[in-house]
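One structure is given here, and the rest of the page talks about it.
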Amino acid sequence: MTKGDGFALAAAFIGGAVAGAAIGLLFAPEKGEDQRAKIKAALEKRGVKMDKESFDKLVDEIKNLGKKKEVVPAEDFDAE
């Protein structure tokens with residue numbers, strides 16, 4: 001490996017890191033409060049009215065749906 005190869009490797013690594021960061025920022029989801037405002041507006045548009053406490057409960061329930069359930073082999077697989 002020559003000195004030039006090391007520089008090229010470092011430049012490629014830094015370029016990849018910069019490109020990855022830029023792509024991450026472009027595809028990152030919106031801030032939580034912005035997303036909640038959009039959800040609330042969509043619900044109200046469909047005639048669903050909620051107070052802040054009920055809406056916060058709904059958001060918590062939705063968050064919990066995304067959490068992976070614990071795997072219990074006896075329940076998840078057929079034992080024959």
Side-chain angles (χ1 to χ4, degrees):
M1 186 153 128
T2 65
K3 279 187 178 181
D5 291 340
F7 178 74
L9 181 63
F13 180 78
I14 291 170
V18 170
I23 290 171
L25 288 173
L26 288 173
F27 289 101
E30 297 177 18
K31 286 197 272 181
E33 57 186 54
D34 293 341
Q35 194 66 28
R36 284 187 185 91
K38 283 185 174 184
I39 292 170
K40 190 170 184 178
L43 289 173
E44 288 175 351
K45 183 178 176 183
R46 289 165 178 79
V48 177
K49 304 281 186 207
M50 299 180 100
D51 60 6
K52 181 168 175 27
E53 184 178 330
S54 298
F55 184 73
D56 289 341
K57 267 186 181 178
L58 176 63
V59 169
D60 289 339
E61 287 177 26
I62 292 170
K63 283 181 186 177
N64 289 334
L65 288 175
K67 292 182 181 175
K68 187 176 179 184
K69 104 173 194 193
E70 183 179 329
V71 175
V72 180
E75 294 175 4
D76 292 340
F77 299 102
D78 293 332
E80 291 185 30

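These numbers come from a predicted model, not from an experiment.
For the side chain to side chain donor-acceptor pair (under 3.5 Å) condition, the pairs that include at least one residue of residues 36-48, sequence neighbours left out, are E30-K38. Each salt bridge (charged side-chain N to carboxylate O under 4.0 Å, His left out) pair with one or both residues in residues 48-59, not counting sequence neighbours, appears once here: K52-D56.
In this view, L43 and I39, V48, M50, F55, L58 satisfy the side-chain contact (heavy atoms from CB on, under 4.5 Å) rule, not counting sequence neighbours.
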